[in-house]
Amino acid sequence: MASLLCIFLSGFLTFLTFSPVSTNAVVKRYQFDIVVKNVSRLCHAKPIVTVNGRYPGPTIYARDGDRVIVNVTNHAQYNLSIHWHGLKQFRNGWADGPAYITQCPIQRGDSYAYDFNVTGQRGTLWWHAHILWLRATVHGAIVIMPKEGVPFPFPQPHEEAELILGEWWNGDVEAAVKQGNQLGLPPNMSDAHTINGKPGPLFPYTYAVEVESGKTYLFRIINAALNDELFFAIAGHNMTVVEIDAVYTKPFLTDSLLIAPGQTTNVLVLADRPPCRYFMAARPFNDAPIPVDNKTAAGILQYKGIPTSVQPTLPLLPTPNNSAFANAYNSKLRSLNSGTVPRSVDRRLFYTIGLGTNPCPSCLNGTRLVASLNNISFVMPKVGLLQAHYFNLSGVFRQDFPDKPPKAFNYTGAPLTANLGTLLGTRLSRVAFNSTVELVLQDTNLLTVESHPFHLHGYNFYVVGRGVGNFDPEKDPAKFNLVDPPERNTVGVPTGGWTAVRFRADNPGVWFMHCHLELHTMWGLKMAFVVENGNGPEQSVLPPPKDLPLC
């Protein structure tokens, strides 16, 4: 078995080419051609949707202060849009990308130029398709370097690389989703996890990166998986966490990290172990009574000069249900600079996260699984919400999303299996410009408790508190961290617990907020904020571009 493994590795090992970043350009232009390409993994070949025939897709390189123009031409059979995950798109929701929220999708044969400025941001973000489940294969990294002459607040690495964690289905993902929807049940789970599109040495496709002894490397880690939080570790090596979601952190050392779908984490790794070959591995964290794809993806950290016939060492990852590690890891995350944490709050929101069932006569059990915030399952519109808001189109959405659930109950007590129906609606929450918002996301035991990573478009927020059980509005705010809380664009709500975030609503427009588990988003676990214009054109939504796609 070992010799066969070495043959596979020597034949199919892909070594990393470190990519330089241009330092002079002010305008960065990219052409994204959405094309279908045949790809083979796990001894299964199938056509997948790609950007420029690559899986994962090309990396966007920019510098803080650059203007980026990405012309997307759709040659695939699906209507499609691209989201630039974590880019704030100030006043420019037209470039944000979620289909039917800020734009209509790009039709087959059409093009759309995403034109945006990178202002006040640097670090690792990512891009992905934001319609159906196409982000399974349509995704890639965004690397934003600091302004010229501005150093990293940590030792300059010798080299750097992106590590994109993902999932692979042997079959057609969209066909599986369609079948699941017809049955009212979850679609088939993925067949493997991947690192840069490759599942690892149990199969003949493995990603590897070569390092030299004594040198420090920056790894930009992205969780592009559709439905799984992941542990990640490198055998024999500690990692120094220096950034999350393109925000610098107070550095800390760890032997493993936890990363939810949508999140990014930058780590420094010192190649200080005996020269050999070491596995890098990722596998799911799941502390809820639900099935997941529990397969481990593996890549290889290869010291220069070591032959590929040497068997790599395996890392010791946390156990799959290790909640204690997850909580301890998240508690170590602290912003390096956080002088803008809102101390006072203008608007307090309390959103419960629930699963449920709605009647469906054609479904397998006569019901369809759904998900909701404050008992509302979001219904996607037929026209972009930002367009409806900007042009004052009536009948597209309501602005009465409730600030709290319709009825209080013991959210995380015994499982609740009665009265699980949800309301349906395209209901948004209107927020005054420049107001400060506190949002508490509360998991519930409707059907089951579960961890949920939530992503807010157009903003970063401060994660001021989190806990297990029911949020106590009398006692828990006194424990909030208002000094150095982590600043993110995607945050996990712990299983059977809550998370509190704060942000200032200084970016006018319509901004999507949703669970980044694609299954739950599909079931309705999403909503949107309408942030009002401020005073004058500099605090108002920009006019739409002339090539904005039509529905």
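When reading the values below, keep in mind they use all heavy atoms of this one structure, side chains included, and skip hydrogens, waters and symmetry mates.
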Discussion item. Quick check with a 6.0 Å cut-off and a 45 degree axis cone: is Arg466 positioned over the face of Phe471's six-membered ring?
Written reply: no
Worksheet item: Any sub-3.5 Å donor-acceptor pair from Lys250's side-chain atoms to Arg334's backbone N or O?
Response: no
Item to complete: Please tell me if the side chains of Leu355 and Thr448 come closer than 4.5 Å, counting only heavy atoms from C-beta onward.
Response: yes
Fill in: Side chain Arg343, main chain Leu482, donor-acceptor under 3.5 Å
yes
Discussion item. Is it the case that the side chains of Ser323 and Asp287 hold a donor-acceptor pair, with the cut-off being a distance below 3.5 Å and no angle test?
Written reply: yes
Discussion item. Let me confirm one number: the CG-CG distance from Asp293 to Asp191, rounded to the nearest 0.5 Å.
Written reply: 7.0 Å
Fill in: Backbone of Ser256 reached by a side-chain donor or acceptor of Thr254 within 3.5 Å
yes
Worksheet entry | Within the 6.0 Å centroid threshold, strictly below: Phe252 and Tyr329 | yes
Discussion item. Does any part of the side chain of Ile300, heavy atoms only, come nearer than 4.5 Å to the side chain of Thr206, both counted from C-beta?
Written reply: yes
Worksheet, complete the sentence: Exactly one of Asn374, Thr444, Asp443 clears side-chain hydrogen bond (donor to acceptor under 3.5 Å, both in side chains) with Thr352, and that residue is Asn374
Fill in: Side-chain donor-acceptor contact under 3.5 Å, Thr124 with Arg220
yes
Worksheet item: Got a donor-acceptor contact below 3.5 angstrom from the Tyr459 side chain to the Asn507 backbone?
Response: yes
Discussion item. Working note: Leu42 + Trp168, criterion side chain to side chain contact (heavy atoms under 4.5 Å, CB included); need CA distance, chi angles, decisive distance, verdict.
Written reply: CA-CA 9 Å; Leu42 311 187; Trp168 170 265; 3.7 Å; yes
Worksheet item: Is the closest side-chain donor-acceptor distance between His139 and His83 under 3.5 Å?
Response: no
Discussion item. Does Phe232 form a side chain to side chain contact (heavy atoms under 4.5 Å, CB included) with Met280? I'd like the steps, not just the answer.
Written reply: CA-CA 7 Å; Phe232 177 84; Met280 307 181 288; 4.0 Å; yes
Worksheet item: How far does CG of Leu428 sit from CZ of Phe401, to the nearest 0.5 angstrom?
Response: 9.0 Å
Discussion item. Any side-chain to backbone donor/acceptor pair from Arg41 onto Tyr205? Under 3.5 Å, distance only.
Written reply: no
Fill in: Row check, Tyr278 ring normal vs Arg273 NZ/CZ: under 6.0 Å, within 45°
no
Worksheet item: Taking the six-membered ring for Trp, are His128 and His85 parallel (under 30°), tilted (30 to 60°) or perpendicular (over 60°)?
Response: tilted
Discussion item. Hydrogens and angles aside, do Thr194 and Tyr207 bring a side-chain donor and acceptor to less than 3.5 Å of each other?
Written reply: no
Worksheet item: Taking atom types as modelled and ignoring hydrogens, do the side chains of His452 and Thr495 form a donor-acceptor contact shorter than 3.5 angstrom?
Response: no
Item to complete: Return yes if a side-chain donor-acceptor contact under 3.5 Å exists between Arg347 and Ser429, otherwise no.
Response: yes
Item to complete: Tell me yes or no: between the side chains of Asp484 and Asn481, is some donor less than 3.5 Å from an acceptor?
Response: yes
Fill in: His457-His130 aromatic ring centre distance below 6.0 Å
yes
Discussion item. So does Ile259 get a backbone contact from the side chain of Asn223, meaning a donor-acceptor N/O pair under 3.5 Å?
Written reply: yes
Item to complete: With side-chain hydrogen bond (donor to acceptor under 3.5 Å, both in side chains) as the test, would you mind laying out the steps for Glu243 and Thr265 before giving the verdict?
Response: CA-CA 6 Å; Glu243 179 197 298; Thr265 302; over 6 Å; no
Worksheet item: Checking side-chain hydrogen bond (donor to acceptor under 3.5 Å, both in side chains) for the pair His158/Lys215: CA distance, chi angles, key distance, verdict?
Response: CA-CA 6 Å; His158 175 67; Lys215 293 184 177 179; 3.3 Å; yes
Worksheet item: Can a donor-acceptor pair be found between the side chains of Glu487 and Asn460 at a distance below 3.5 Å?
Response: yes
Worksheet item: Is a side-chain donor or acceptor of Asn238 paired with a backbone partner of Leu253 at a separation under 3.5 angstrom?
Response: no
Fill in: Thr264 (side chain) donor-acceptor with Asp245 (main chain) under 3.5 angstrom
yes
Practice prompt. Please round to the nearest 0.5 Å and tell me the distance separating atom OH of Tyr411 and atom CG of Leu416.
Written response: 11.5 Å
Item to complete: Inspect the contact between Asp66 and Arg63 and indicate whether a charged nitrogen and a carboxylate oxygen are less than 4.0 angstrom apart.
Response: no
Item to complete: Mark yes or no for whether Arg277, through its side chain, and Val310, through its backbone, hold a donor-acceptor pair below 3.5 Å.
Response: yes
Discussion item. Using only atom types and a distance under 3.5 Å, with no angle test, would you say the side chain of Asn286 pairs donor to acceptor with the backbone of Ile290?
Written reply: yes
Worksheet item: Out of curiosity, Cys515 SG to Met522 CE, how far, rounded to the nearest 0.5 Å?
Response: 11.5 Å
Worksheet item: Got Lys526 and Met513 here, is their nearest side-chain heavy-atom distance under 4.5 Å?
Response: no
Practice prompt. Assess the pair Phe231 and Phe325: is the distance between their ring centroids shorter than 6.0 Å?
Written response: yes
Worksheet item: Taking side chain as C-beta onward, heavy atoms only, is Leu333 less than 4.5 Å from Ile244?
Response: yes
